[in-house]
Amino acid sequence: MDAQTTSDAAADPELTGEHGVQREPYATGPTAAAGEAGARAAVGARAAGGARPDFSLGGTLTVGRLGFGTGGLVGAGYWGPRHADPARSLAVLRRAVDRGVTLIDTADNYGPDVAEELVARALHPYPEGLVIATKGGVVRTGPDVWHVAGRPEDLRAMCDASLRRLRTDTIDLYQLHRLDPDVPMAEQLGTLVELQQAGKVRHIGLDSIGAAELARARELAPIASVQNRYNVLDRASEDVLELCERTGTAFLPWFPLGHGALAGGPGTRTATSASASASASASTTATDALTTIAAAHGATTGQIALAWLLHHSPALLPTPGTGSPDHLDENLAATRISLADEELSQLDALATVAD
């Protein structure tokens, strides 16, 4: 759920940098002390203000907080490849790592299979320090057509298939794309724990989950990450974020740019009802605020929306995706933007407008 598409710029040639990043020593899982330390660091950083550049995922893997999502490398409705020439997608992936990205977020149903295969083609053998996150538990049967499949045999088969496509023995972060309402949570998470104990999964994450569900899930398995929809205008998961902060859990927001709306892209909608008119009004207010702050920094509205996420909470690890090398560079430049307290207050208030 990380697609963030804009118009493609001219493709760059494939890049073959050295990917000189470093991974912390491998550990089988986070200790309680590591999780508590991460939580204390998160809360302390938020109180002190500013954007911390790194996050300790699961207490063992240090990643930069602005990653890269691969949903933008597949076609509309997450179906098929985005580019007829795969070299264009391979170049964007390699460029991301050469520019310092250490977290790649993908999923088995992007394509399906396409995104994971592109990651392996572009980046395998994976450099030290590069963390690959993927997702299972959803089967896609057409553009924007999918169903949840959380039975233990399904999850085991999906994980094994991802391992083959990614050409690895261990997936750094394996996220359950959706909880299956027809399968007990204990069975689904128990299967992921078994995969972790077998060495096939290093850390476990959850996608699109509520705070109460997360609290329950933490009693059943060591949860290293959550991936919910979240951005400067959409903060329905604020309670989940607060729980992540307290427990040292990573929060990977999908649609960090509102599916393009916060960057003036294809997410913009035309109001056709009273409800839609109110939504459009809120979006206009957000756009005006983002535009004003962006002008003060010589930045784009998308960069300000990403910078706000990085400032808002040290537990937030946005992974915007794109198929354009120019848009990739634009996104990564957001890490260099320092927002003033008054600017943060203005952006924080947009959630009230959206409500």
Side-chain angles (χ1 to χ4, degrees), residues 1-9 11 67-93 96 104-122 132-151 154-155 157-159 161-162 164-166 174-182 206-209 227-231 234 252-270 272 276 279 302 318-325 327-328 331:
M1 294 283 186
D2 51 23
Q4 186 63 59
T5 56
T6 60
S7 300
D8 281 343
F68 179 78
T70 61
L73 300 180
V74 297
Y78 295 92
W79 193 254
R82 178 171 185 174
H83 300 305
D85 181 2
R88 297 180 64 185
S89 294
L90 299 178
V92 172
L93 279 162
I104 303 293
D105 180 46
T106 189
D108 61 358
N109 70 89
Y110 292 171
D113 304 346
V114 171
E116 288 185 332
E117 291 170 352
L118 286 169
V119 169
R121 288 181 62 184
I132 306 296
T134 194
K135 293 179 281 289
V138 163
V139 175
R140 194 171 298 276
T141 56
D144 284 326
V145 179
W146 53 273
H147 64 273
V148 179
R151 295 180 302 172
D154 293 329
L155 296 178
M158 290 178 184
C159 181
S162 289
R164 289 192 297 271
R165 282 189 293 270
L166 291 170
Y174 194 67
Q175 303 168 101
L176 186 60
H177 214 152
R178 290 293 189 279
L179 280 169
D180 191 331
D182 296 325
L206 298 171
D207 191 308
S208 300
I209 190 167
Q227 195 157 16
N228 281 17
R229 189 179 68 233
Y230 190 89
N231 57 59
D234 182 352
L252 283 63
W254 51 267
F255 287 172
L257 297 180
H259 200 36
L262 297 174
T268 305
R269 295 287 185 267
T270 300
T272 56
S279 177
T319 57
T322 180
S324 161
H327 188 216
L328 168 67
N331 287 342

- Query: Which value, rounded to the nearest 0.5 Å, describes the distance between Arg82 atom CZ and Thr322 atom OG1?
  - Reply: 5.5 Å
- Message: Could you check whether Arg151 pairs with Asp154 (Lys NZ or Arg NE/NH1/NH2 to Asp/Glu carboxylate O, under 4.0 Å)?
- Response: yes
- Message: Among Thr106, Asp105, Val92, exactly one meets side-chain contact (heavy atoms from CB on, under 4.5 Å) together with Phe68. Which residue is that?
- Response: Val92
- Query: What is the minimum heavy-atom distance between Ser89 and Leu73, and which atoms define it?
  - Reply: OG-CD2, 3.9 Å
- CG/Asn109 to CE/Met158 distance, rounded to the nearest 0.5 angstrom? 8.5 Å
- Query: Could you state the interatomic distance from CG (Leu155) to NE2 (His177), rounded to the nearest 0.5 Å?
  - Reply: 13.0 Å
- Query: Is the shortest heavy-atom distance from the side chain of Leu118 to the side chain of Thr70 under 4.5 Å?
  - Reply: no
- For the student: nearest non-hydrogen atoms of Pro320 and Gly67, plus distance: CD-O, 3.7 Å
- Message: If I compare all heavy atoms of Val139 with all of Ala149, which pair ends up nearest, and what's the gap?
- Response: CG2-CB, 4.0 Å
- Task: Report yes if some heavy atom in the side chain of Tyr174 is under 4.5 Å from a heavy atom in the side chain of Thr134; otherwise report no.
- Result: yes
- Item | Heavy-atom pair with the smallest gap, counting every atom of Ala76 and Pro143 | O-CB, 4.0 Å
- Message: Using only atom types and a distance under 3.5 Å, with no angle test, would you say the side chain of Asn231 pairs donor to acceptor with the backbone of Asp234?
- Response: yes
- Atom of Tyr78, atom of Gly71 and distance for their closest heavy-atom approach: CE2-CA, 4.1 Å
- Message: To the nearest 0.5 Å, what is the distance between SG on Cys159 and NZ on Lys135?
- Response: 14.0 Å
- With the threshold set at 4.0 Å, does a side-chain nitrogen-carboxylate oxygen contact exist between Asp108 and Arg140? no
- Message: Whether the side chain of Ser208 engages the backbone of Asn228 through a donor-acceptor N/O pair (distance < 3.5 Å, no angle test) should be reported.
- Response: no
- Query: To the nearest 0.5 Å, what is the distance between CG (Leu179) and CD1 (Ile209)?
  - Reply: 5.0 Å
- Is there side-chain contact between Pro318 and Trp254, with heavy atoms separated by less than 4.5 Å? no
- Rounded to the nearest 0.5 Å, how far apart are NE2 of His147 and CZ of Arg178? 13.5 Å
- For His83 and Gly323, work out which heavy atoms get closest and say how close. NE2-O, 3.2 Å
